[in-house]
Amino acid sequence: MNISELEKKYNFQYPEIYKQLNDNNMLDWGESGSDWYSTTFPQLKENPPLLLFGYDIEIWNDEELVDTSIEEMSDEEDYRNIHSKYKFVPFAANGAGDLYAFQFDLEKDGEVPVTLILHDEEEAEVLAGNLQDFIFRQLLEAVTEVDEDSMFFEEDEEDMKENLLNQLKTHEPYLTPKQVEILKNIYQRDIFEYTYEVSAGNSFETEGLVTFDEVKEILSKEIAFDQLDTTFNYTE
């Protein structure tokens with residue numbers, strides 16, 4: 001099964017940017033396996049595919065997997081019990097098993113929002129109004145916290161910056177010039193420590209290239225739309 005067959009089977013059209021990414025092999029992270037990190041990853045770092053250094057995300061490059069996921073979500077017996085009024089087409093997942101999906105029931109003027117479907121809370125969150133803005137958001141949020149678990153991490157900070165700029169180079173065709181400029185400026189910063197406040201007056205210390213508060217401000221200016229960051233119960 002290929003992309004065109006998926007579109008025909010479920011009566012939807014992938015965003016043009018997604019099709020361009022597919023045509024340019026940007027969805028291909030190589031064959032998964034126990035030796036992926038030691039053999040495949042070092043080669044990918046030179047010309048990173050889609051969101052290789054993104055924020056807790058693994059891109060799917062398997063139409064059969066997408067097909068199976070759509071069928072499961074449409075099944076009344078599926079554990080998520082997703083309401084039939086929602087039309088999700090997953091394209092990635094995070095480490096917790098939550099799905100990143102195009103939400104076609106929210107499509108407007110050809111723009112298809114990207115939504116995070118939580119697998120165990122009956123809740124979903126709209127992350128961006130389209131794939132382009134979602135990519136920008138991912139590339140930005142990935143550098144709020146920098147540590148050894150970051151995919152782009154290197155002992156030498158200059159090598160780390162090189163990884164990020166390599167990724168920006170391969171992603172530039174799918175972003176706006178303003179988004180590229182913002183990311184380029186942030187990626188060239190030195191890592192700094194900062195304190196981030198959370199609910200109930202608690203706070204924690206971390207280090208990164210941009211603070212959570214600055215990210216929130218940037219996103220509200222650059223990718224704002226009516227449903228940004230809204231959450232909803234996907235069973236109702």
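- Side-chain contact check for Asn233 versus Glu123: every heavy-atom pair is 4.5 Å or farther apart.
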Practice task
May I have the step-by-step check of side chain to side chain contact (heavy atoms under 4.5 Å, CB included) for Ile57 and Tyr100, ending in yes or no?
Solution key: CA-CA 8 Å; Ile57 188 171; Tyr100 294 98; 3.7 Å; yes
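- No more than 12 heavy atoms of other residues, nucleotides or ligands shown are found within 6.0 angstrom of OH on Tyr55.
- Ring centroids of Tyr194 and Phe192 are separated by less than 6.0 Å, placing the two rings close together.
- No side-chain donor-acceptor contact under 3.5 Å links Asn2 and Glu63.
- Taking 4.0 Å as the cut-off between side-chain N and carboxylate O, Glu154 and Lys45 count as a salt-bridged pair.
- There is no side-chain donor-acceptor pair under 3.5 Å between Asn47 and Gln167.
- Considering only heavy atoms from C-beta on, Pro48 comes within 4.5 Å of Phe53 through its side chain.
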N/O donor-acceptor pairs under 3.5 Å from side chains in residues 13-21, not counting sequence neighbours:
{"from": "Gln13", "atom 1": "OE1", "to": "Lys19", "atom 2": "NZ", "distance (Å)": "3.1"}
{"from": "Lys19", "atom 1": "NZ", "to": "Glu7", "atom 2": "OE2", "distance (Å)": "3.2"}

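- For the 3.5 Å distance criterion, the side chains of Glu145 and Thr206 qualify, holding a donor opposite an acceptor.
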List the atom pairs, with distances to 0.1 Å, where a side-chain N or O of residues 212-219 and a protein N or O form a donor-acceptor pair under 3.5 Å, not counting sequence neighbours.
{"from": "Glu214", "atom 1": "OE1", "to": "Arg189", "atom 2": "NH1", "distance (Å)": "3.0"}
{"from": "Glu214", "atom 1": "OE2", "to": "Arg189", "atom 2": "NH2", "distance (Å)": "2.8"}
{"from": "Glu217", "atom 1": "OE2", "to": "Lys221", "atom 2": "NZ", "distance (Å)": "3.4"}

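- Across Leu175 and Ile135, no two heavy atoms sit closer than the pair CD2-CG2, 3.9 Å.
- Looking at Lys9 and Asp67, a side-chain N of the basic residue comes within less than 4.0 Å of a carboxylate O on the acidic one, giving a salt bridge.
- With contacts defined as side-chain heavy-atom distances shorter than 4.5 Å, the pair Asn94/Glu58 does not qualify.
- Here the CE atom belonging to Met151 is positioned 5.0 Å from the CG atom belonging to Leu52, to the nearest 0.5 angstrom.
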Exercise for the section: Report the C-alpha separation of Tyr174 and Met26 in whole Å, then their side-chain angles, then the decisive distance to 0.1 Å, and conclude whether the side chain to side chain contact (heavy atoms under 4.5 Å, CB included) test is met. Expected result: CA-CA 11 Å; Tyr174 315 102; Met26 284 289 289; 3.7 Å; yes
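- Side-chain atoms of Gln103 never come within 3.5 Å of backbone atoms of Val112 as a donor-acceptor pair (strictly under, hydrogens ignored).
- The nearest pair of heavy atoms linking Pro90 to Met73 is CG-CE, 3.3 Å.
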Review item, side-chain donor-acceptor pairs of residues 31-41, under 3.5 Å, at least two apart:
{"from": "Trp36", "atom 1": "NE1", "to": "Trp29", "atom 2": "O", "distance (Å)": "2.8"}
{"from": "Ser38", "atom 1": "OG", "to": "Asp35", "atom 2": "O", "distance (Å)": "3.1"}
{"from": "Thr39", "atom 1": "OG1", "to": "Asp35", "atom 2": "O", "distance (Å)": "2.6"}

Exercise for the section: Assess whether side chain to side chain contact (heavy atoms under 4.5 Å, CB included) is satisfied between Phe88 and Leu99, documenting all intermediate values. Expected result: CA-CA 10 Å; Phe88 296 121; Leu99 301 180; over 6 Å; no
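- A 4.5 Å side-chain heavy-atom check between Phe153 and Val146 finds at least one atom pair inside the cut-off.
- Annotation: the span from Asn24 atom CG to Thr170 atom OG1 amounts to 10.5 Å, rounded to 0.5 Å.
- In this structure, the side chain of Asp147 engages the main chain of Asp149 through a donor-acceptor pair within 3.5 Å.
- In summary, of the residues considered (Leu164, Leu168, Leu165), a side chain to side chain contact (heavy atoms under 4.5 Å, CB included) with Leu183 occurs for Leu168 alone.
- Taking the charged nitrogens against the carboxylate oxygens, Arg80 and Glu72 do have a contact shorter than 4.0 Å, which makes a salt bridge.
- For Phe91 and Phe134, the ring centers are positioned less than 6.0 Å apart.
- Between Asp229 and Glu125 there is a side-chain heavy-atom pair separated by less than 4.5 Å.
- For Ala124 against Ile117, the heavy-atom pair with the smallest separation is CB-CA, 4.3 Å.
- Put simply, the side chain of Asn81 never gets that close to the backbone of Thr235: no donor and acceptor are under 3.5 Å apart.
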Exercise for the section: May I have the step-by-step check of side chain to side chain contact (heavy atoms under 4.5 Å, CB included) for Ile223 and Leu228, ending in yes or no? Expected result: CA-CA 8 Å; Ile223 69 169; Leu228 183 65; 4.1 Å; yes
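- Around the CG atom of Asp226, the shell of radius 6.0 Å holds no more than 12 heavy atoms that belong to other residues, nucleotides or ligands.
- The residues Lys161 and Glu158 are annotated as salt-bridged, a charged nitrogen and a carboxylate oxygen being separated by less than 4.0 angstrom.
- Tyr187 contributes atom OH, which lies 7.5 Å from atom CZ of Phe152 (distance to the nearest 0.5 angstrom).
- Of the possible polar contacts, one joining the Gln179 side chain to the Thr176 backbone as a donor-acceptor pair under 3.5 Å is found.
- Val143 has its side chain within reach of Ile186: a pair of non-hydrogen atoms, C-beta onward, lies under 4.5 Å apart.
- The distance from the CD atom of Gln188 to the CG atom of Leu209 is 10.5 Å, given to the nearest 0.5 Å.
- With contacts defined as side-chain heavy-atom distances shorter than 4.5 Å, the pair Asn130/Phe225 does not qualify.
- In this structure the side chain of Ile59 never reaches within 4.5 angstrom of the side chain of Pro49, judged on heavy atoms.
- Side chain of Asn25 to main chain of Asp28: no donor-acceptor pair is present (N/O by atom type, distance under 3.5 Å, no hydrogens or angles).
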Problem - Residue pair Tyr86, Tyr234: steps toward the ring-ring contact (aromatic ring centres under 6.0 Å, His included) verdict - result: CA-CA 7 Å; Tyr86 299 116; Tyr234 54 67; 7.7 Å; no
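- To the nearest 0.5 Å, the span separating CZ on Phe136 from NE2 on His171 amounts to 13.0 Å.
- Here the side chain of Glu64 pairs a donor or acceptor atom with the backbone of Met1 at under 3.5 angstrom.
- Under a 3.5 Å cut-off, the side chain of Asp98 and the backbone N or O of His119 do form a donor-acceptor pair.
- The structure places CG of Leu50 at 10.0 Å from CG of Asn61, a figure rounded to the nearest 0.5 Å.
- Residues Tyr196 and Asn202 bring no donor and acceptor atom of their side chains to less than 3.5 Å of each other.
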